[in-house]
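One structure is given here, and the rest of the page talks about it.
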Amino acid sequence: MTTHRERILDVIRGEMVDTIPYVPRIDLWYNANRRRGTLPENHRNRTADEIALSHGWALHKIVPEFLEPDRIEDIIHRGIGLVKLKEYTYAFEFSSDVEIEVDGDFDRMRVAYHTPVGSVSVIHGYTEEMKDAGVSAPWIQKHAIQGPEDYRVLAHIFGSMTFRADYDRFRKWEAEIGDNGLALESTPALNAGSPMHFIQKVLVDATSFFLHYHDYKLEMGELVEALAHCYDQILPILADSPATAVYWDANVDSMITYPAYMEKDLLPWWHKAADLFHARGKLMLVHPDGENRLLMDLLADCGADVCEAVTPSPMTKVAIDEYYDSWCRNGKLTMWGGIPESLLLEKSATNDEFESYLDHLFRAVAPGSRFIAGIGDTTPPDAVFDRLVRLGERLEKEGRLPLQAGGVIFVDPEQLPSRSAGGPDELAEQVSPGLPAAMSGPGELPDEQLRILSVIKETVLQGDNRAIRNQVRDALDSGCSPQDILNRGMLSAMEIIGGRFKDGTVFIPEVLLSARAMNDALTVLEPFLAEGDSGGKGSVMIGTVRGDLHDIGKNLVSTMLKGVGFEVIDLGINVKTEEFIAQAVARKPDILALSALLTTTMPQMKYIIDELEAAGLRSEVLVIIGGAPVNDRFAQDIGADGYASDAGEAVDLARRLLAGRNT
C-alpha cells in the first residue's frame, strides 16, 4: 500500500498515483481552537497530528513550528531571521567582536547587537491577539534597520558569521513523521530564498523597504553581499542534509514581489539553489500564497518543483483552471493547495458554494497529475471543521486518478463567491467622480504657468522628492495658484500613477515614491492652501482591526487615497473597536475604512459597525472593508457599504460612495 509520503513524492516527480493526496495545513486552526477551548469534542485531547491522522490525512510539515523551540535560546535571534529549530539543518555562530544583549521573555524580547561599526536592536515576540489567532511566526515590533547607517552594522554581523551542518534534530523529527508526511528543511528569515528577500521579509519595515530599495542602493548592496556570504555557506549544508525536500522561499505575490523585482533579486538565487538541489537528488518547494496574476510565467520557470499554499479565486484573481493549465498540465510544476481558505468559513461561503467549488475543482485539475490538495494558505481558526472533513471524503471518493474531465458539471467561476462587486470591464468603464474641474481640462492659464505645472506633474510621476519643493516655490513665485499647483500638477500625477497601478504597469515603489514627492511638496504648499479652498474630496479614517498586525495593504490604500486628494486619518494596526468609535466621534470622517488580513479578525469589522449603530453614527459614516479573507458577500452580510479588493478599487469605491451621497 502506498504511504502518504510516497504518494506526495510521486506526485511531485510527475507520476500518476492512485488518488489525489490530501495534506491540509491545520496548525493555526489547532493553536487558536486549543487556546480558546473550542476544538471539536472528539478531538479535545488530541494533538494536531493526531487529528489529521484520525481522518486519514497526510501531515503538513512545511512551515516551521516557531512556537515549539526546545529552548528559549533557540529563538533569541528570530528578529534578524535566525533560529535554531528542528526544521533547520544548520547552526550559526557570530564573530567574537559582536556583543549581544538580551532582555525580556518569549512574548516580548529586545535584542541588541553591538559591533565595532555600530549597534542595532530589534524587538520581537507575540501579542495576545496573535495567540488567539493561532499565529506561529513571530511579530517584529522594531526592525533592525531604522535608517541607512544600520545597513553597515548588519553587513558586519552577517559578513562575519559562520554556519555548519547540524542534522541531528531534523533526523529525529523526520523519523517521528515517518511515512505520514513529508518533512521539509527550511531556509533563513522565515524562508527567504535570496539575500534581498531576507532584507525585505525581516530586517526592515514592509513599507519602508520599497523606499530604501530606491534611496539606499549602495548600503543595501553591501548588506546583500554580506548575506550572500551566508547563503553560500548554507546552500551546500542544505544540499547535503538528510532531507528529501527544501522549503526555499515563501510569501511572494504580484504586489510585494512584483515581476521586475522578483526577476532581478529573487530568481537568480532560486535557480542557483534549484541547480544544486537537483544535482543532489533533492526537491525544492516555494510558497506563493498570495495574488500571482503577474507572476504566473516567472513561477512556471522558477526552478522549483512545487508551488505550495496556492490560493486561487475567489480569494485571488487567478482561477484554479489557469493554475493547473499553466503549471501542471505541461509538467512544469506541482501545485499544492488549491482550496481557498475563505471557502471553509461560514461567513464567506455557503455550503452550496463550497460544494460547487469542489465540483469545479475535480474538473479543473483533470487528469489530476501534479496536484496535491491543500488549503491556501492555511485552515483559518473559524473554519467549519466539517468542511475539512467533507473535503477529505470527497477526495477519497472522487479523487481516484486519472480524473475524467467530463465527469462533473462545470461551474462558471462567476457563480463562485466573488472578490468584488464589479468585474474588470465594469471597473474600466467607471468614471472617477469628484475630480476638481481644474484637473480635467487645460483651462485659461499662461503658457509659462502651464509649463511649470507640467514640470511639477512629471516630477511627481518620477517620484523626485528632492526637486519638487523648489519647483512648487517657483510655481508660486510665477503666479500659479495653490489650487492649480495641487490639482493640475500634483493630484493629476497621482491620478495617472493610480491608474497605472490598477492596470499593473507600475508597482508599490512607484506609488510610494510619487506619494512621498507629493507629501514633500505639500509641506511647501499647505500654508497657501490654508488661505483658500484646498479642494479636498472628503475624509477617510482607516485602520487595521483589533488582533491584526498587518499594515502594507492599509498603508498602500492610505497612500493612494491621499494621492488623489482625500484627507486620510490613519489609526494604525491592531485598533480596538472603542478606539475606532471614539475617533469617529471626534474626527467625523466621511468614510471609515477597515482592513483585515487574518480570518480570525474578520468579526471585528461587524463589531465596529454594530457599535457605530449603537452610538448613533452609522447614518453619518460610510464603511468600506478590504483584506485577503473578506469579499463582497461578507461586506453585505455585516452591513458595510462596500468592499474593495485592492488599493485602486478602494479609491474608486470611496469616490462612488461619496458621489452617491452627494447626489
Side-chain angles (χ1 to χ4, degrees), residues 32 36 127-133 135 139 141 345 347-348 380-382 536-562 565-645 647 649-651 653-662:
R36 61 196 188 195
T127 66
E128 291 304 307
E129 291 85 0
M130 290 175 69
K131 294 176 184 177
D132 290 342
V135 175
W139 175 43
Q141 182 180 349
L345 295 168
K347 59 177 76 80
S348 298
D382 293 327
K537 299 184 181 66
S539 60
V540 180
M541 180 178 291
I542 190 170
T544 304
V545 299
R546 183 176 183 270
D548 207 316
L549 304 172
H550 297 88
D551 66 356
I552 182 66
K554 172 191 67 67
N555 291 348
L556 193 57
V557 171
S558 296
T559 296
M560 291 190 67
L561 286 168
K562 287 179 184 176
F566 284 93
E567 176 192 356
V568 176
I569 306 159
D570 190 342
L571 300 183
I573 60 174
N574 194 25
V575 182
K576 295 179 179 179
T577 297
E578 50 267 34
E579 179 66 10
F580 276 117
I581 304 305
Q583 290 296 326
V585 170
R587 310 292 288 274
K588 295 180 172 55
D590 297 302
I591 296 174
L592 177 60
L594 305 176
S595 173
L597 190 68
L598 301 174
T599 56
T600 48
T601 60
M602 291 168 62
Q604 294 293 325
M605 294 177 165
K606 178 69 164 64
Y607 302 155
I608 293 165
I609 291 173
D610 289 346
E611 289 301 311
L612 284 172
E613 189 74 46
L617 298 172
R618 185 65 186 90
S619 62
E620 302 174 17
V621 181
L622 295 160
V623 179
I624 64 176
I625 67 170
V630 303
N631 57 25
D632 187 61
R633 177 180 171 236
F634 178 70
Q636 294 178 37
D637 288 347
I638 67 172
D641 296 292
Y643 154 78
S645 65
E649 286 190 18
V651 171
L653 177 60
R655 284 171 163 165
R656 285 201 308 275
L657 291 173
L658 285 182
R661 169 179 278 187
N662 295 330

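Quick caveat, the model's predicted, so the values are computed rather than measured.
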### Task
Calculate, to the nearest 0.5 Å, the distance between atoms CG and CG belonging to Asp632 and Asp637 respectively.
9.5 Å
### Summary
One should read off an interatomic distance between Glu578 CD and Gln583 CD, to the nearest 0.5 angstrom, of 12.0 Å
### Query
Within a strict 4.5 Å, meaning less than it, do heavy atoms of the Asn555 and Asp570 side chains meet?
yes
### Query
With a 4.5 Å heavy-atom cut-off, do Arg36 and Asp132 have their side chains touching?
no
### Query
Is it true that Asp641 and Arg618 make a salt bridge, defined as a side-chain N closer than 4.0 Å to a carboxylate O?
yes
### Query
Does some side-chain heavy atom of Lys554 sit less than 4.5 Å from a side-chain heavy atom of Val557?
no
### Message
Whether the side chain of Glu649 engages the backbone of Ser645 through a donor-acceptor N/O pair (distance < 3.5 Å, no angle test) should be reported.
### Response
yes
### Task
To the nearest 0.5 Å, tell me how far Arg661 CZ sits from Leu657 CG.
8.5 Å
### Query
Any side-chain heavy atom of Ile542 within less than 4.5 Å of one from Ser595?
no
### Task
Show the numbers, then the answer: is there a side-chain contact (heavy atoms from CB on, under 4.5 Å) between Leu561 and Val651?
CA-CA 6 Å; Leu561 286 168; Val651 171; 4.1 Å; yes
### Message
Within the 4.5 Å heavy-atom criterion, are Val621 and Phe580 side-chain neighbours or not?
### Response
no
### Message
Could you go through Ile608 and Leu592, starting from their C-alpha distance and side-chain angles, then the distance that decides it, and tell me whether this counts as side-chain contact (heavy atoms from CB on, under 4.5 Å)?
### Response
CA-CA 10 Å; Ile608 293 165; Leu592 177 60; 3.9 Å; yes
#### Entry: Value rounded to 0.5 Å, distance of CG in Leu653 from CG in Leu658
9.5 Å
### Task
Measure the CD1-CD distance between Ile581 and Glu613 for me, rounded to the nearest 0.5 Å.
10.5 Å
### Task
Would you name the heavy atoms of Leu597 and Ala628 that are closest together and state the gap between them?
CD1-CB, 3.5 Å
### Message
If you compare all heavy atoms of Pro381 against all heavy atoms of Ala133, which two are closest, and at what distance to 0.1 Å?
### Response
CG-O, 3.3 Å
### Message
Under a 3.5 Å distance rule, please check whether Ser539 uses its side chain to pair with a backbone N or O of Asp590 as donor and acceptor.
### Response
yes
### Query
Does the side-chain contact (heavy atoms from CB on, under 4.5 Å) test come out yes or no for Ile625 and Phe634, once each step is laid out?
CA-CA 9 Å; Ile625 67 170; Phe634 178 70; 3.7 Å; yes
### Query
Can you find a pair of side-chain heavy atoms, one from Met130 and one from Leu549, that are under 4.5 Å apart?
yes
### Query
For Lys576, does the NZ atom have more than 12 heavy-atom neighbours from other residues, nucleotides or ligands under 6.0 Å away?
no
### Query
Any sub-3.5 Å donor-acceptor pair from Thr544's side-chain atoms to His550's backbone N or O?
yes
### Query
Is Met602 close to Asp382 at the side-chain level, that is, under 4.5 Å between some pair of heavy atoms?
no
### Query
Are any of the side-chain heavy atoms of Trp139 and Ile573 separated by less than 4.5 Å?
yes
### Query
Would you call Glu129 and Arg546 a salt bridge, taking side-chain N to carboxylate O under 4.0 Å as the test?
yes
### Task
Output the distance between atom CG (Leu594) and atom NZ (Lys606), rounded to the nearest 0.5 Å.
13.0 Å
